[in-house]
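Notes follow once the structure below has been shown.
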Amino acid sequence: MNRKEEANAPGPAIPLPTARQLEWADAEIGVIIHYDIQVFEPGYEWRAQWGYTPSTQLFQPEDLDTDQWIEAAKSAGATYAVLVAKHCSGFSLWPTEAHDYSVRSTPWRDGQGDIVGDFVQSCRKYGLRPGLYYSVSANAHYRVDNPGLVKNGSEAEQQAYNEAVIRQVTELWTRYGPLFEIWFDGGTLPVEAGGPDVAGALRRLQPDAVCFQGPLGFPSLVRWSGNEDGSAPDPCWSRADYERRVTENGLAPSSGGGNPEGEVWAPAEADLPNRREQWFWYEGEDHLLIPVDELVERYYTSVGRNANLMIGMVIDRRGRVPDADAAQFAAFGEAVRRKFAHALGETEGRGYELTLELEQAPATLVNQVTVMEQLAEGERIRAYRIEGLAAGGVWMPLCEGRSIGHKRIERFEAVSLSAIRLIVDEAVDTPVIRKLIAYHAE
């Protein structure tokens with residue numbers, strides 16, 4: 001409805017975020033950390049070498065330091081971190097009891113090490129919220145590929161794999177305390193299609209986590225933005241519909257821009273590697289590092305479009321974030337902080353118009369505006385515009401758009417203004433603005 005149609009009728013029932021989804025939206029920037037056996041055997045490609053996995057004896061990081069990982073993440077402005085505990089090779093970064101293809105069978109720390117445990121401890125030490133990635137759909141050690149089925153079709157081998165999955169996720173979800181986010185890359189194969197009961201284990205063991213590409217009915221879901229470029233579509237809504245994937249691995253929130261009338265609250269997470277098209281470290285690839293100004297642009301196209309930004313972090317053969325990458329993360333964090341260092345005024349309020357008088361009278365240069373909805377009351381705004389009060393008392397148009405959600409960052413050519421105002425042209429209920437902030441960004 002538009003403003004004139006609002007009257008005094010109560011708003012319609014709409015999907016609302018859980019408390020954990022609200023916390024997740026405020027987190028805004030995370031890192032996803034990849035470390036696997038192929039770092040020590042660079043030519044290994046699990047699909048191209050089907051039936052072969054590198055020896056665990058190769059895994060010998062000489063200076064593994066999860067504190068250094070999390071310090072680098074924090075310097076980038078990350079507030080949460082997800083560790084890839086098991087990727088597609090099947091090699092597990094914790095001493096699992098499900099099989100022998102893990103750190104338990106390596107020379108590293110005489111088989112007594114636990115990278116997942118060290119990671120979680122470092123996160124809590126430095127104030128980042130820990131999360132874990134576990135790929136159910138692919139595992140070369142068990143000869144399993146998308147959507148989570150053993151390649152030879154053996155019922156006995158499928159049952160063994162399903163039992164191993166449940167044992168492993170039980171270890172991950174009980175040994176290390178509450179997790180902030182749990183990642184499923186490509187979803188999970190439901191029981192009725194032959195998969196393990198991951199959804200049941202998730203509800204029992206980590207009911208308060210946010211779940212990326214999680215199963216139907218889980219309370220706090222997050223969806224994929226639809227690319228690995230760190231960009232959310234425009235507009236990008238917090239709600240989405242369910243879709244059945246082409247691989248038939250069950251229902252999950254649709255990826256992409258979402259649907260303002262969608263049936264489930266499942267905000268978008270936009271991921272990208274910090275090295276072009278490369279999630280793992282390989283020697284001699286520092287030239288693939290994405291320039292800092294490009295990473296900053298990805299912040300605007302993710303966080304600035306109502307999505308979280310998830311940046312890939314590689315770990316080298318030493319067991320550390322490479323020096324060049326650590327410098328990149330720190331420079332990115334500093335660049336983003338500079339962009340928002342000069343707030344010219346801030347306000348909040350309810351209604352279809354909200355005016356912000358700028359603090360530096362009679363006028364000051366403005367080139368950036370941040371708008372945030374109070375998502376605890378729903379994503380209500382469907383169309384808006386922002387105007388600025390210029391010389392002579394004339395309101396001039398600055399920008400317009402559709403979705404706001406957790407955060408919308410609008411940029412425009414610098415102009416001298418004494419006030420800005422947000423005008424909501426379409427909403428499903430009275431807009432509730434958590435923040436309206438004007439900036440002069442470098």
Side-chain angles (χ1 to χ4, degrees), residues 14-30 77-80 181 210-213 220-241 253-272 295-311 336 339-340 348 354 368-386 398-412 422-429 431-437 439:
I14 57 176
L16 295 175
T18 64
R20 183 49 64 94
Q21 285 171 318
L22 290 173
E23 183 184 353
W24 180 87
D26 278 338
E28 294 191 346
I29 300 176
T79 62
Y80 65 107
E181 181 170 351
V210 169
C211 190
F212 179 86
Q213 294 190 320
S220 298
L221 294 173
V222 174
R223 74 178 191 273
W224 186 40
S225 68
N227 61 67
E228 294 184 348
D229 187 44
S231 292
D234 185 9
C236 182
W237 307 97
S238 298
R239 290 162 63 180
D241 296 314
S254 59
S255 59
N259 177 4
E261 309 304 324
E263 59 194 303
V264 61
W265 192 280
E269 188 165 51
D271 59 333
L272 84 162
L295 283 181
V296 172
E297 183 62 22
R298 296 286 74 78
Y299 174 85
Y300 281 103
T301 60
S302 56
V303 176
R305 293 182 183 170
N306 189 37
N308 277 20
L309 175 62
M310 178 65 86
I311 306 173
V336 171
K339 291 288 185 182
F340 299 89
E348 60 184 74
L354 185 60
Q368 187 166 279
V369 172
T370 292
V371 188
M372 302 175 70
E373 288 190 76
Q374 183 56 265
L375 290 187
E377 300 192 44
E379 189 176 46
R380 299 180 172 188
I381 296 171
R382 296 292 182 266
Y384 67 91
R385 51 198 161 96
I386 298 175
L398 299 175
C399 56
E400 61 182 29
R402 293 172 63 193
S403 66
I404 291 178
H406 168 70
K407 180 176 284 186
R408 180 72 182 210
I409 304 172
E410 295 281 11
R411 294 173 289 173
F412 41 84
L422 170 70
I423 302 171
V424 177
D425 293 313
E426 184 180 347
V428 296
D429 202 345
V432 185
I433 305 303
R434 179 180 172 186
K435 289 184 181 182
L436 174 63
I437 314 174
Y439 295 93

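- Residue Leu221 comes nearest to Gln21 through the heavy atom pair O-NE2, 3.0 Å, listed as atom of the first residue, atom of the second, then distance.
- The backbone N or O of Lys339 sits less than 3.5 Å from a side-chain atom of Gln368, completing a donor-acceptor pair.
- Every residue two or more places apart in sequence or in another chain that forms a side-chain hydrogen bond (donor to acceptor under 3.5 Å, both in side chains) with Thr79 is listed here: Arg129.
- Arg408 and Thr370 share no side-chain donor-acceptor pair at under 3.5 Å.
- Residues Val369 and Phe412 form a side-chain contact, since some pair of their non-hydrogen atoms from C-beta on lies under 4.5 Å apart.
- Take Glu263 and apply the side chain to side chain contact (heavy atoms under 4.5 Å, CB included) test, not counting sequence neighbours, and it matches Asp241, Tyr242.
- Judged purely by distance below 3.5 Å, without hydrogens or angles, the side chains of Trp224 and Gln213 never pair a donor atom with an acceptor atom.
- Within a 6.0 Å sphere centred on CD of Glu261, other residues, nucleotides and ligands contribute more than 12 heavy atoms.
- The side-chain hydrogen bond (donor to acceptor under 3.5 Å, both in side chains) test applied to Trp265 returns no partner, not counting sequence neighbours.
- Taken from CG in Asn227 to OG1 in Thr301, the straight-line distance is 8.5 Å, to the nearest 0.5 Å.
- For the residue pair Asn306 / Ser238, a side-chain donor-acceptor distance below 3.5 Å is found, with atom types taken as modelled.
- Pairs passing the salt bridge (charged side-chain N to carboxylate O under 4.0 Å, His left out) check and including a residue from residues 220-232, sequence neighbours excluded, do not occur.
- Taking the side chain as every heavy atom from C-beta outward, Trp24 and Ser220 never approach each other to under 4.5 Å.
- Annotation for Ala232 and Ser225: closest pair CA-CB, 4.4 Å, computed over non-hydrogen atoms.
- Pro15 places none of its side-chain heavy atoms less than 4.5 Å from the side chain of Val264.
- Nearest heavy atom pair, residue Glu348 against residue Arg434, reads CB-O, 3.3 Å.
- Across Arg382 and Pro260, no two heavy atoms sit closer than the pair NH2-O, 3.0 Å.
- Ile404 has its side chain within reach of Tyr384: a pair of non-hydrogen atoms, C-beta onward, lies under 4.5 Å apart.
- When all heavy atoms of Asp425 and Arg385 are compared, the pair lying nearest together is OD2-NE, 2.8 Å.
- When every heavy atom of Phe212 is checked against every heavy atom of Glu181, the shortest pair comes out as CB-OE2, 3.6 Å.
- Counting only heavy atoms from C-beta outward, the side chains of Ile386 and Glu410 approach each other to under 4.5 Å.
- With sequence neighbours excluded, no residue forms a side-chain hydrogen bond (donor to acceptor under 3.5 Å, both in side chains) with Tyr299.
- Under the side-chain hydrogen bond (donor to acceptor under 3.5 Å, both in side chains) criterion, Ser403 pairs with no residue, sequence neighbours left out.
- By the 4.5 Å heavy-atom criterion applied to side chains, Leu272 and Ile311 are counted as neighbours.
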